[in-house]
Visitor: 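The structure's right below; bear with me while I get my questions together.
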Amino acid sequence: MNICVFLSAADLDERYTVPARDFARLLGKAGHTLVWGGSDTGLMKVVADGVEEAGGRLVGVSVDFLAHKARPNADQMVVAKDLAERKALLLAKSDAVVIMVGGTGTLDEATEILELKKHGKHTKPVVLLNTAGFYDGLKTQFRRMDEEGFLPIPLTDLVLFADDAPTALAHLESSVL
């Protein structure tokens, strides 16, 4: 399975890097391919390293203004002309999506992927990996959207909030394989 992971390229502390590495190792060990933003820095590097060390493949989609940070030894690397094309390529190359911790770029990617799913533009499973409670506030907001009628499909059909890597990967495998 090709699993797209949206996440930060920032250098983060162990409460984020250790669970990210655990997820990456599970992904690689299961023979899956990581589809990611292609960066060889920060948390993106941690995940790519973990997948590669566990025997998984790496498919990167960088963007022209970040191409200098792209991982040089990925199995495949595509450079998109802009962020919109990058998101479209990441989704097109994947069977499932995981959203890990990140900043505004990750949040932008997450909301676009969920909006496309809400409107039936894809049916791929989406998991928000809620490492260290990072997305607790977003989970509360999504629940409110669901309860107050802002979502045309149930929240449980839109996204799974997972607290750990095994739960996230098990959900994806049961949804796709």
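Because the structure is a prediction, the values reported are computed rather than measured.
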Visitor: Short question: side chain of E85, backbone of K81 - any donor-acceptor pair under 3.5 Å?
Guide: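 Side chain of E85 to backbone of K81: a pair is present.
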Visitor: Quick one: CG on N130 to CG on L138, what's the gap to the nearest 0.5 Å?
Guide: 8.5 Å
Visitor: Working note: L89 + V78, criterion side-chain contact (heavy atoms from CB on, under 4.5 Å); need CA distance, chi angles, decisive distance, verdict.
Guide: CA-CA 9 Å; L89 287 168; V78 177; 4.0 Å; yes
Visitor: Are side-chain heavy atoms of D95 and I3 found at a separation under 4.5 Å?
Guide: no
Visitor: Can you tell me how far apart CG (D49) and CD (E53) are? Round to the nearest 0.5 Å.
Guide: 5.5 Å
Visitor: Not counting sequence neighbours, which residues clear salt bridge (Lys or Arg N to Asp or Glu O under 4.0 Å) with E52? List them please.
Guide: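 Result, salt bridge (Lys or Arg N to Asp or Glu O under 4.0 Å) vs E52: R71.
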Visitor: Are M100 and T131 close enough that some pair of their side-chain heavy atoms sits under 4.5 Å apart?
Guide: no
Visitor: When rounded to the nearest 0.5 angstrom, what distance separates CG in L151 from CG in D146?
Guide: 5.0 Å
Visitor: Going by ring-ring contact (aromatic ring centres under 6.0 Å, His included), name the pairs with one or both residues in residues 122-145, residues two or more places apart or in two chains.
Guide: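 Those involving residues 122-145 are Y16-F134.
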Visitor: Nearest 0.5 angstrom please: I113 CD1 to C4 SG, how far?
Guide: 6.5 Å
Visitor: Among L172, L7, V35, L160, exactly one meets side-chain contact (heavy atoms from CB on, under 4.5 Å) together with V98. Which residue is that?
Guide: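 The residue from L172, L7, V35, L160 that satisfies side-chain contact (heavy atoms from CB on, under 4.5 Å) with V98 turns out to be L172.
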Visitor: Compare every heavy atom of G38 with every heavy atom of M44, then report the nearest pair and how far apart it is.
Guide: SD-N, 4.4 Å
Visitor: Do L83 and L116 sit in the same hydrophobic cluster, where Ile, Leu, Val, Met, Phe, Trp and Tyr count as joined when their side-chain heavy atoms come under 4.5 Å apart?
Guide: no
Visitor: Shared ILVMFWY cluster between V176 and V5, side chains joined below 4.5 angstrom?
Guide: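 As far as the 4.5 Å side-chain criterion goes, V5 and V176 are connected within one cluster.
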Visitor: Can you tell if the side chain of P125 reaches within under 4.5 Å of the side chain of H171, non-hydrogen atoms only?
Guide: yes
Visitor: With sequence neighbours excluded, give me every ring-ring contact (aromatic ring centres under 6.0 Å, His included) pair touching residues 34-88.
Guide: none
Visitor: Salt bridge check, E147 against R144: does any charged N sit closer than 4.0 Å to a carboxylate O?
Guide: no
Visitor: So does E14 have more than 12 non-hydrogen atoms from other groups sitting under 6.0 Å from CD?
Guide: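 Check fails, neighbour count at 12 or below.
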Visitor: Search all heavy atoms of A67 against all heavy atoms of V79 and return the closest pair with its distance.
Guide: CB-CG1, 4.2 Å
Visitor: Could you pull out the closest heavy-atom pair between L26 and P166, with the gap in Å?
Guide: CD1-N, 3.8 Å
Visitor: Less than 4.5 Å apart, any side-chain heavy atom of V97 and any of L91?
Guide: yes
Visitor: Evaluate side-chain contact (heavy atoms from CB on, under 4.5 Å) for M145 paired with L155, printing each intermediate quantity in order.
Guide: CA-CA 9 Å; M145 289 176 191; L155 180 60; over 6 Å; no
Visitor: Checking the side chain of T167 only, and the main-chain atoms of D163 only, is there a donor and an acceptor separated by less than 3.5 Å?
Guide: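 Not confirmed, T167 side chain does not pair with D163 backbone.
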Visitor: State, with a plain yes or no, whether a side-chain heavy atom of T123 is found less than 4.5 Å away from one of K117.
Guide: no
Visitor: Find the distance between NE2 (H119) and CG (L114) and round it off to the nearest 0.5 Å.
Guide: 11.0 Å
Visitor: Looking at every heavy atom in both A30 and E173, which two are closest together, and how far apart are they?
Guide: CB-OE2, 3.7 Å
Visitor: Spell out, yes or no, whether V59 and V63 are grouped together once hydrophobic residues are joined by side-chain heavy atoms under 4.5 Å, including indirect joins.
Guide: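 No: no chain of side-chain contacts under 4.5 Å links V59 to V63.
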Visitor: Closest heavy-atom contact between A165 and D22?
Guide: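 Shortest heavy-atom separation between A165 and D22 comes out as CB-C, 4.4 Å.
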Visitor: Does any part of the side chain of V101, heavy atoms only, come nearer than 4.5 Å to the side chain of T106, both counted from C-beta?
Guide: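 Side chain of T106 against side chain of V101, heavy atoms only: no contact under 4.5 Å found.
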Visitor: What I want to find out is whether K87 reaches D108 closely enough, with some N-O distance under 4.0 Å, to be called a salt bridge.
Guide: yes
Visitor: So, R57 side chain and H32 main chain: donor-acceptor pair closer than 3.5 Å or not?
Guide: no
Visitor: A quick test of your reading: do over 12 heavy atoms of other residues, nucleotides or ligands sit less than 6.0 Å from NZ of K29?
Guide: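 Open.
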Visitor: For the NZ atom on K69, are there more than 12 heavy atoms of other groups (residues, nucleotides or ligands in this structure) within a distance under 6.0 Å?
Guide: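 Count not over threshold, so no.
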Visitor: Would you check, one step at a time, whether the test side-chain contact (heavy atoms from CB on, under 4.5 Å) holds for V126 with I99?
Guide: CA-CA 8 Å; V126 180; I99 301 154; 3.7 Å; yes
Visitor: Below 4.5 Å, heavy atoms only, C-beta onward: do K45 and S39 meet side chain to side chain?
Guide: no
Visitor: Mind listing the closest non-hydrogen atom pair of G42 and D11 along with its distance?
Guide: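 Taking every non-hydrogen atom into account, CA-OD1, 3.3 Å.
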Visitor: Which distance, rounded to the nearest 0.5 Å, do you find between the CG of D75 and the CG of L58?
Guide: 5.5 Å
Visitor: Should V47 and V18 be regarded as members of a common hydrophobic cluster, given that ILVMFWY residues are connected when their side-chain heavy atoms come within less than 4.5 Å of each other, either directly or indirectly?
Guide: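 As far as the 4.5 Å side-chain criterion goes, V18 and V47 are not connected within one cluster.
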Visitor: With heavy-atom distances below 4.5 Å as the criterion, would you say the side chains of V61 and K93 are in contact?
Guide: yes
Visitor: Taking M1 as the starting point, is it possible to reach V51 by hopping between hydrophobic residues whose side chains are less than 4.5 Å apart?
Guide: yes
